[in-house]
Amino acid sequence: MRLCLFDDHRIGAVRHGGLVDLTGALPWPHDPDPETAGGWRRLCRDYAELADGLAEAAETGPVLPADRVRLRAPALNPSKIIAAASNYAEHVHEMHAVQERTLGKVEEWMMSFDVFLKAPSSLAGPGEPIVLPAEILAAGHEVHHESELVVVIGRGGRNIPADRALEHVVGYSIGLDITVRSPGDRSRRKSYDTFSPLGPWLTTADEAGPPGEFEIELLVGGERRQRVNTADMLVAVPAIVEHASRVMTLRPGDLIFTGAPPGVGPIEPGDELVATISGLGELRTSVIAGSDPR
């Protein structure tokens, strides 16, 4: 099933070129306030028990035309956004040249696989533009795209073994990990508002299939910048979940960005980005310049 959030954070199923509102089929009332709504996290946690009823509602409910609703990011107040670093060998190799150009030196400590955190407030939904901060543009720092497979946690846990990890995954989505190439902490450089576009929906694990077989592609202005298969990951999805859960308790609705493929490069105001992952859909966004807040 393809699950989405739309309008005032109602929950829907994507079907027949539109979507079916599933909000009334859920065993809890709708709360439109994104600051208090826990229904999405509860859906992630309990999807296995709710799946049959939601599938029936999706088959029988009226289809809303896609152009009459506003899709939101398929995540609502995750307790954290976890991101994997240095998870494709070709990307690790290309980062030597990127760091030489943008930092004047190579930071070897950043070239090994690990996980870090991005601010949940950096999330942006389908069609919501990426806003490049005025101070970053004024400083002349490059801002890069990184198209990634995103794992959505269903049943949370801690110290999850790799051979049980996929039991804790409710589904997958498409994400862009937008990154300022400058000195300083990795999490800060990736946590500006709108620096985590996500969408267009969550494809549940039972429909998406094995996470080691996805094709990822990113076009910028119609030019292919990135293309890779998730089979090329240095650390596969189950091992990423295991590694992250040894450090922090994973909670329903948490997101894991699984690492940047090779082909990262700068984005500028006016650019149009189209990220696709086989079987998961297409995420479209644009780039604009932010205003000076002073």
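All residue numbers in this chain count up from 1 along the given sequence.
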Listed partners of [X] passing side-chain hydrogen bond (donor to acceptor under 3.5 Å, both in side chains), at least two apart:
| X | result |
| --- | --- |
| Arg68 | none |
| Arg181 | His144, Glu146 |
| Glu167 | Arg164 |

Checklist entry - Is Leu123 reachable from Leu283 through a run of I, L, V, M, F, W or Y residues, each pair having side-chain heavy atoms under 4.5 Å apart? => result no
Could you tell me whether the side chain of [X] and the main chain of [Y] form a donor-acceptor pair under 3.5 Å?
| X | Y | answer |
| --- | --- | --- |
| His168 | Arg155 | yes |
| Glu128 | Gly125 | yes |
| Thr23 | Ile11 | yes |
| Glu142 | Thr102 | no |
| Arg189 | Val180 | yes |

Next on the checklist: Would you say that more than 12 heavy atoms from the other residues, nucleotides or ligands in this model lie under 6.0 Å from the CZ of Arg70, or not?
Outcome noted: no
Item to check | Enclosure of His30 NE2 (heavy-atom neighbours >12, cutoff 6.0 Å) | outcome: yes
Checklist entry - Any salt bridge (Lys or Arg N to Asp or Glu O under 4.0 Å) pairs touching residues 3-22, not counting sequence neighbours? => result Arg10-Asp21, Arg15-Glu59
Checklist entry - How would you list all residue pairs meeting salt bridge (Lys or Arg N to Asp or Glu O under 4.0 Å) that involve residues 89-98, not counting sequence neighbours? => result none
Next on the checklist: Checking side-chain polar atoms at under 3.5 Å, does Ser191 have a donor or acceptor matched by the opposite partner on Lys118?
Outcome noted: no
Checklist entry - Is there any side-chain hydrogen bond (donor to acceptor under 3.5 Å, both in side chains) pair reaching into residues 254-283, and which pairs are they, with sequence neighbours excluded? => result Ser79-Asp254, Lys80-Asp254, Glu282-Arg284
Item to check | Summary of side-chain hydrogen bond (donor to acceptor under 3.5 Å, both in side chains) pairs that have at least one residue in residues 197-211, sequence neighbours excluded | outcome: Thr204-Asp206
Checklist outcome for this item: So the ring pair (Phe, Tyr, Trp, His ring centres under 6.0 Å) pairs with at least one residue in residues 243-271 (sequence neighbours excluded) are Phe113-His243
Next on the checklist: Which residues end up grouped with Ile288 if you chain together Ile, Leu, Val, Met, Phe, Trp and Tyr wherever their side-chain heavy atoms are less than 4.5 Å apart?
Outcome noted: Val131
Next on the checklist: Could you work out, with ring-ring contact (aromatic ring centres under 6.0 Å, His included) as the rule, every residue matching Phe195, not counting sequence neighbours?
Outcome noted: Tyr192
When the side chains of residues 210-217 are checked against the rest of the protein, which donor-acceptor pairs come out under 3.5 Å, sequence neighbours left out?
unit_1: Glu215; atom_1: OE2; unit_2: Asn229; atom_2: ND2; d: 2.9
unit_1: Glu217; atom_1: OE2; unit_2: Arg224; atom_2: NE; d: 3.0
unit_1: Glu217; atom_1: OE2; unit_2: Arg224; atom_2: NH2; d: 3.3

Solution key, residues 47-57 side-chain donor-acceptor pairs under 3.5 Å, sequence neighbours excluded:
none

